[in-house]
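Letters go in sequence order (proteins before strands), and every chain restarts at 1.
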Amino acid sequence: MLRSGLNLCNNRGIFEIETHFDKIIQSCNNLSSLTQIHSILTTTGIIKHSVHLTARFIIKYSDFFQLQTARFVFNATDHESSSFLWNTMLRAYTNTGFYSDALSFYSLMRKTGVRPNNFTFPFTLKSCAVSLMLSYGKMIHSEIVRTGFGSDIYVDAALVDMYAGCGVIDDARKVFDKMSKRDLVCWTAMITAYEQAERGETALCLLRKMQRDGFCMDWVTIVTVASAVGQLGDAQNSRAVHAYAIRNALFNELPVVNSVLAMYAKCGEVEIAETIFDHTKQRNVITWNTMLTCYTQNGLASEALDLFERMKVSDTDFNEVTALILVSACSYLGSRQHATKIHDFIVQNNVDINLTLWNAIMDMYAKCADLETALRMFKEIPVNRLDVSSWNTLISGYGMHGYGKEALQVYNKMKDENFQPNHITFTSVLSACSHSGLVNEGKKCFSEMEIFSVPKEPKHYACMVDMYGRAGLLNEAYELIKDMKSHANDEVWGALLLACKIHGNTSLAELAADNLFHLEPQHTGYYVLMSNIYADSRNWQEVGKLRGDMKNKGLRKPAAVSLIEYNNELHGFRTGEQLDSLTRDVYEKVEKMVVELKMEGYVPDVSCVFHDVEDEDKHGMLKYHGEKLALAFGLMNIDASLPIFINKNLRVCSDCHSVFKFVSGVYGRKIVVRDVNRFHHFEDGLCSCNDYW
DNA sequence: ATAGGGTTAG
């Protein structure tokens, strides 16, 4: 092929030669053949006369990530005359992700005196958008206006994207509004901008405007719209988007399927997502990842891990996103065995562990009660490579295990190292202080938020209310909420309600509950909590009323499950579970345990039983709380020298908490319990939470 | 001969 090409040189025109070699260069699938052809065309002098082939080499070298060679080819040309080769080189830098090189190359182009054209700007703007170079982008914007390319539809779409990418969406909108002509791509770019800025409502609003202007969604538009609807968690609109995609034959595009899948996942429609997933014959990594996420986000972490087993035997390769999802599933499960299994798997399969994934793995170990490993991983990162998330992970890790002082030390160290704390840092520090009863320290951190100009969000107030509440400072807590005026959300009132439960303040609790039932009428937890407060004060009438309310609204108390690991498997125990041959021993063990503990001074605390039944029955129900069954199972099966790990999906009740303390003292066992809020480390008859939880 | 909007995770 090559030889015949050379022969052509002798008797054919330059155009035919170009087309011929163009085909050869394009079909190169490895670097060495490309280099070979390059050297032949250089020595024969053909390349010198062909701008076209030069451009082709630049692009082809960049396809193999040989940017230096590409630049070398560029430099060897007489490039000062036209913009074309400059544009080509810009394209090479941009498409391979060398954004800062693209921008400095553009600067060089201007310095050399070459005029940019309408093809130049989309590349440079893309580089600005991705590397968040807003000031540079603005400079280019003024050059666009100066050079008279401000009305080019491609250039304007790229400008919209640049401003949106840099987070200044209103500037993006200004460009969009000024356009004299818009096509579908421009509309989609602007809709996407709102979606990325988490302004789903505005995105949908603009979509309707677009449709009134006579444009129909294509598959790219629908992908973006599905994201917006998913963000809003709008189940009604989800079906409409899905139906539109099917009606217009867009559901054949895999990205559409994937984004619709993600949309349903975010709306909590697990079954619909499963159906779509099952009917999708050609899945890619994103399809699998989306389904894994669907399970994880909807609290079905075990299903996610099961699905991963199916993914492994399918012919899909997984990537670092898959790893991240699995790690978060393990964090949710709190299972040490699964955590190490997934970590090993990631290492064995050479998944690229970037800092984000590393931080996520640290967090996973912390949430699986293995703080030592989390700490070791933190220390393995050189200080200059740490990011804010690494610090946040360590702070929250200490916090959830009740090490408030250590969390504060890390926070101070972080400041010493000149890291800027962010909103997550403060959530972690404040909740750490709260869990350890460090009120003064917490107040100090709360006031430091202004120094670092981190806005105070409801979640930060919720931590403060929680902190005051646990310390018995209910008035301070309530005053803080009043300061928030209408900004108080359910998290804040929920924290107050919990404090009222701990300190038995029914009247303030009623006030909090009023607000909560108004803000979140479907949230079962608040009804249960208020009902328990009434039960504490033996106000069975109000308990009955609340239960009636819940029934009328179709709300049910979520089933409590306590998980315990044994023999590389998770065993789940539910309260009052049916007796079967497997659990009979466990029930007997509970009976025996309660008798023994009573001799040591344990008195059952019946106050936390939700149901209004006779006291004798209550003792019965109480004995068979899932966490007690799990504990008995652990005492029977797990070697006495090892700690017992239990993970509960709800808050531990006070009676179980007391039993766990007694067991740790009387039988000399170490017990670690994770509930929805934090970890409890039981040892020598005491708990690390100091009975505040 | 060159260009603009895109799905998963955080």
Of the candidates B/dA1, B/dG4, B/dT7, the side chain of A/N258 sits closest to B/dT7
Side-chain atoms of A/F84 come closest, of B/dA3, B/dG5, B/dT2, to B/dT2
- Describe the nucleic acid contact of A/D161 in one word from base, sugar-phosphate, nothing, applying a heavy-atom distance below 4.0 Å. sugar-phosphate
Rounded to whole Å, CE of A/M362 lies from C1' of B/dG10 at a distance of 15 Å
| What class does the angle between the rings of A/F452 and A/F426 fall in, given that below 30° is parallel, 30 to 60° is tilted and above 60° is perpendicular? | tilted
- NA contact type, A/N359, heavy-atom cut-off 4.0 Å: base, sugar-phosphate, or nothing? nothing
Next item on the list: Give a yes/no answer on whether the side chain of A/Q297 brings an N or O atom under 4.0 Å of OP1 or OP2 in B/dT8.
Entry: no
Under a 4.0 Å heavy-atom cutoff, the residues of residues 178-205 of chain A touching DNA chain B are A/D183, A/L184, A/V185, A/C186, A/T188, A/A189, A/T192, A/Q196
Rounded to whole Å, the CG-P distance (A/D218 to B/dT7) equals 13 Å
Ordered by number, residues from residues 116-128 of chain A within less than 4.0 Å of DNA chain B (heavy atoms) are A/N118, A/F119, A/P122, A/F123
Please tabulate, for the side chains in residues 186-195 of chain A, all donor-acceptor contacts under 3.5 angstrom to protein atoms that are two or more places apart in sequence or on a different chain.
unit_1 : atom_1 : unit_2 : atom_2 : d
A/T188 : OG1    : A/L184 : O      : 2.7
A/T188 : OG1    : A/T221 : OG1    : 3.1
A/T192 : OG1    : A/T188 : O      : 2.7
A/T192 : OG1    : A/T224 : OG1    : 2.9
A/Y194 : OH     : A/R173 : NH1    : 3.0
A/E195 : OE2    : A/Q231 : NE2    : 3.4

Practice item. Give A/T221 one of three labels, base, sugar-phosphate or nothing, depending on what nucleic acid heavy atoms sit under 4.0 Å from its own. Key: base
So the salt bridge (Lys or Arg N to Asp or Glu O under 4.0 Å) pairs with at least one residue in residues 139-150 of chain A (sequence neighbours excluded) are A/R110-A/E143, A/E143-A/R146
Within residues 280-293 of chain A, those residues having any heavy atom closer than 4.0 Å to DNA chain B are A/I286, A/N289, A/T290, A/T293
Rounded to whole Å, CD1 of A/I58 lies from P of B/dA1 at a distance of 16 Å
OP1 or OP2 of B/dA3 under 4.0 Å from side-chain N/O of A/R91: yes
Sorted by chain and number, sequence neighbours left out, side chain to side chain donor-acceptor pair (under 3.5 Å) with A/K367 holds for A/D363
Do any side-chain atoms of residues 153-162 of chain A form donor-acceptor pairs under 3.5 angstrom with protein atoms, and if so which ones, sequence neighbours left out?
none

Of B/dT7, B/dG10, B/dA3, the nucleotide closest to the side chain of A/S259 is B/dT7
Residues passing the side chain to side chain donor-acceptor pair (under 3.5 Å) test with A/R239, sequence neighbours excluded, are A/E269
From CD of A/E253 across to C1' of B/dT8 the rounded distance in Å is 17 Å
Rounded to whole Å, the CG-C1' distance (A/L90 to B/dA1) equals 15 Å
For A/Y163, the side chain to side chain donor-acceptor pair (under 3.5 Å) test, sequence neighbours excluded, returns A/H141
To the nearest angstrom, the CE-P distance between A/M162 and B/dG5 comes to 13 Å
Sorted by chain and number, sequence neighbours left out, side chain to side chain donor-acceptor pair (under 3.5 Å) with A/E274 holds for A/Y295
So the salt bridge (Lys or Arg N to Asp or Glu O under 4.0 Å) pairs with at least one residue in residues 214-238 of chain A (sequence neighbours excluded) are none
| request: Starting from the C-alpha separation in whole Å, work towards a yes-or-no answer on salt bridge (Lys or Arg N to Asp or Glu O under 4.0 Å) for A/K174 and A/D171. | output: CA-CA 5 Å; A/K174 269 183 213 155; A/D171 288 355; 3.5 Å; yes
Which pairs of donor and acceptor atoms, one on a side chain in residues 301-308 of chain A, lie under 3.5 Å apart (sequence neighbours left out)?
none

Please verify the inter-ring angle class for A/F149 with A/F121; under 30° counts as parallel, over 60° as perpendicular, anything in between as tilted. tilted
A/F149 CZ to B/dT2 C1', in whole Å, measures 13 Å
Separation of B/dG10 atom P from A/L326 atom CG, nearest Å, is 12 Å
